[in-house]
Protein chains: 2
Amino acid sequence: MQEQEQEHERDTVDDIVDQWSRTRPELNSQPIALIGRLRRLNVRVDTALREYFAEHGLDSSEFDVLATLRRSGEPYELNARALLKSAMVTSGAITNRVDRLSAKGLVERNPCPNDRRAVLVRLTPAGKDLIDAAMPGHVRNEERILAALDPEERVQLDALLKKLLVAHGDTERL
Amino acid sequence: MQEQEQEHERDTVDDIVDQWSRTRPELNSQPIALIGRLRRLNVRVDTALREYFAEHGLDSSEFDVLATLRRSGEPYELNARALLKSAMVTSGAITNRVDRLSAKGLVERNPCPNDRRAVLVRLTPAGKDLIDAAMPGHVRNEERILAALDPEERVQLDALLKKLLVAHGDTERL
DNA sequence: AGAACTTATCTCAACGTTCAGATAATCAAC
DNA sequence: GTTGATTATCTGAACGTTGAGATAAGTTCT
């Protein structure tokens with residue numbers, strides 16, 4: 001079997017690890033557990049974020065585009081390339097997202113004066129109002145998601161995740 | 001601006017946090033950073049796992065089903081309900097996955113003797129051989145993904161993720 | 001037994017993404 | 001300046017998931 005922390009509740013990954021140690025005990029179960037937890041937590045977090053975005057009539061991908069434009073500062077305008085790098089999706093996905101947001105009147109496409117290949121996507125006033133109204137609640141929602149950790153634990157977790165991200169090359173300048 | 005750890009490389013989320021503190025400085029940036037890192041890391045990990053699965057002719061969802069059946073122990077057989085809970089997807093997704101794996105000859109559907117509504121999905125010998133051959137490399141791949149953390153840091157990260165998972169109710173018995 | 005409810009799985013349309021490829025513009029080098 | 005390579009975006013088919021609903025079987029209550 002596997003050593004368990006007696007004083008804490010078991011999670012689903014504990015069971016998964018137990019199953020592996022019964023059936024393939026020679027496999028190193030620590031990375032299975034750690035990456036399993038990372039992925040399962042991500043699903044839970046996704047769900048919690050999506051529920052909040054839906055209150056504002058948005059899905060996660062739309063919220064992400066609006067937030068990226070908003071945090072870029074005035075004039076709240078970026079080209080598609082910047083949006084796809086920030087979102088870690090393909091160019092086709094950005095085309096579709098901008099199409100949808102544009103149909104909702106939250107962003108508009110403008111030709112880029114310097115580069116006629118490029119398109120500048122800009123928040124409309126309605127888009128800015130929406131994301132400005134939604135952000136404080138979004139952050140409160142994120143705080144709620146992390147509520148189980150005390151301040152020191154949050155700093156620890158953030159540092160560990162960052163260390164892995166740096167190792168994986170997630171260091172592009174925006 | 002934001003306090004930075006001077007001795008470590010910056011990651012993309014550091015830039016995102018800087019942008020927010022310039023344009024909406026009153027927002028609490030810690031949860032933005034932490035959840036942003038969790039989600040970005042998950043994308044990187046997904047990609048790294050998928051690349052390995054592809055070497056064995058599988059995608060992530062197929063690997064997940066085979067691994068779930070394998071770790072359940074002999075006779076490597078579960079009903080669809082158990083598979084969807086483990087994978088955190090809907091029943092329709094499991095139907096499709098089992099269809100695909102069945103077409104590849106890696107699993108087979110059998111009627112459940114006790115409950116005629118239920119279907120038992122079982123690894124075929126070919127399916128068992130494939131997942132048994134793939135697991136050691138998969139674990140080595142996961143170890144590589146985590147290579148930037150020393151043993152103590154891995155234990156810390158695992159404990160923090162587990163704490164959040166328990167708080168979010170990821171505690172179903174398998 | 002019969003009715004009402006729950007559970008297990010499958011079906012199918014809608015949707016968003018990826019992947020490959022098309023188009024068009026810019027840049028580099030000769 | 002023209003050729004060739006690169007960059008920016010869009011297009012469209014293929015794919016997997018979701019969500020709602022259908023079917024069928026098991027369960028509970030009277």
Side-chain angles (χ1 to χ4, degrees), chain A residues 39-40 42-44 46-51 53-54 57-66 68-69 77-104 107-122 172, chain B residues 39-40 42-44 46-51 53-54 57-66 68-69 77-104 107-122 172:
Chain A
R39 295 164 65 66
R40 293 186 75 90
N42 196 66
V43 172
R44 302 273 173 181
D46 262 355
T47 302
L49 296 180
R50 194 163 45 241
E51 283 167 1
F53 300 150
L58 297 170
D59 66 21
S60 300
S61 60
E62 293 168 337
F63 188 95
D64 185 56
V65 171
L66 296 182
T68 303
L69 291 169
E77 185 169 66
L78 293 170
N79 61 31
R81 185 118 210 107
L83 291 173
L84 74 86
K85 275 168 149 176
S86 167
M88 302 178 103
V89 295
T90 60
S91 62
I94 292 299
T95 298
N96 291 338
R97 290 178 184 190
V98 173
D99 283 349
R100 273 179 276 146
L101 288 166
S102 183
K104 289 187 181 182
V107 306
E108 59 187 17
R109 262 187 259 245
N110 295 120
C112 174
N114 310 327
D115 185 342
R116 278 186 299 171
R117 294 169 304 179
V119 174
L120 291 176
V121 181
R122 186 201 289 244
E172 288 200 50
Chain B
R39 295 165 64 67
R40 293 185 75 89
N42 196 66
V43 172
R44 302 272 173 181
D46 261 356
T47 302
L49 295 180
R50 193 164 44 242
E51 283 168 1
F53 299 151
L58 298 170
D59 67 20
S60 299
S61 60
E62 292 167 337
F63 188 95
D64 185 56
V65 171
L66 295 183
T68 304
L69 291 170
E77 186 171 64
L78 294 170
N79 62 31
R81 186 117 208 109
L83 291 173
L84 74 88
K85 276 168 148 177
S86 168
M88 303 178 102
V89 295
T90 59
S91 62
I94 292 298
T95 298
N96 293 337
R97 291 179 183 190
V98 173
D99 283 349
R100 272 179 277 144
L101 288 167
S102 182
K104 290 187 181 181
V107 306
E108 59 185 19
R109 263 188 257 246
N110 295 121
C112 174
N114 310 326
D115 183 343
R116 276 187 301 169
R117 295 169 303 177
V119 174
L120 292 176
V121 180
R122 186 202 289 243
E172 288 201 50

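Sequence lines set the chain letters: A, B, ... in the order given, protein chains first and strands last, and positions in each chain run from 1.
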Review point. Partners of B:Ala54 by side-chain contact (heavy atoms from CB on, under 4.5 Å), sequence neighbours excluded?
Key: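 B:Ala54 satisfies side-chain contact (heavy atoms from CB on, under 4.5 Å) with no other residue.
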Looking at side-chain heavy atoms only, is the closest gap between [X] and [Y] below 4.5 Å?
X: B:Arg50; Y: B:Thr47; value: yes
X: B:Asn110; Y: B:Val119; value: no
X: A:Asn79; Y: A:Val121; value: no

Rounded distance [0.5 Å steps], [atom1] in [X] versus [atom2] in [Y]:
X: A:Arg39; Y: A:Arg44; atom1: CZ; atom2: CZ; answer: 14.5 Å
X: B:Arg109; Y: B:Leu120; atom1: CZ; atom2: CG; answer: 11.5 Å
X: A:Met88; Y: A:Asp64; atom1: CE; atom2: CG; answer: 11.0 Å

List the atom of [X], the atom of [Y], and the distance in Å for their closest heavy-atom pair.
X: B:Val107; Y: B:Val98; value: CG2-O, 4.0 Å
X: B:Thr90; Y: B:Leu84; value: O-CB, 4.3 Å
X: A:Ser86; Y: A:Thr68; value: OG-OG1, 3.4 Å
X: A:Leu69; Y: A:Arg122; value: CD1-C, 4.5 Å
X: B:Phe63; Y: B:Leu58; value: CD1-CD1, 4.0 Å
X: B:Ser61; Y: B:Asp59; value: OG-OD1, 2.8 Å

Point to revise | Selection: residues 82-97 of chain B, any non-hydrogen atom under 4.0 Å of DNA chain D | key: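 Per residue number, the list reads B:Val89, B:Thr90, B:Gly92, B:Ala93, B:Asn96, B:Arg97.
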**Study point:** Side-chain (B:Lys85) to main-chain (B:Glu172) donor-acceptor, under 3.5 angstrom
**Key:** no
Exercise for review: Describe, as an angle rounded to 10 degrees, how the axis at the first end of the helix from C:dA1-D:dT30 to C:dC30-D:dG1 is tilted relative to the axis at the last end, five pairs per end.
Suggested key: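 Computed angle between terminal axes is 20°.
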Check your understanding: Are A:Glu62 and A:Arg97 close enough for a salt bridge, meaning some N to O gap below 4.0 Å?
Key -> no
**Study point:** Start and end of chain A contact along DNA chain D [non-hydrogen atoms, under 4.0 Å]
**Key:**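 Listing 5' to 3', DNA chain D meets chain A from D:dT7 to D:dT11.
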Check your understanding: Can you pull the contact range of chain A along DNA chain C, 5' to 3', using atoms under 4.0 angstrom from its heavy atoms?
Key ->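 First-to-last contact on DNA chain C, by the 4.0 Å heavy-atom rule, is C:dG16 to C:dT26.
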Practice item. Specify the residue among A:Asp59 and B:Leu120 whose closest nucleotide of DNA chain C lies further upstream toward the 5′ end. Key: B:Leu120
Practice item. Specify the residues of residues 109-119 of chain B, ordered by number, for which at least one heavy atom lies under 4.0 angstrom from an atom of DNA chain C. Key: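 Residues of residues 109-119 of chain B under 4.0 Å from DNA chain C: B:Arg109, B:Arg117, B:Ala118, B:Val119.
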Point to revise | Nearest-nucleotide 5' precedence on DNA chain D, B:Glu62 against A:Arg50 | key: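 Upstream on the strand: B:Glu62.
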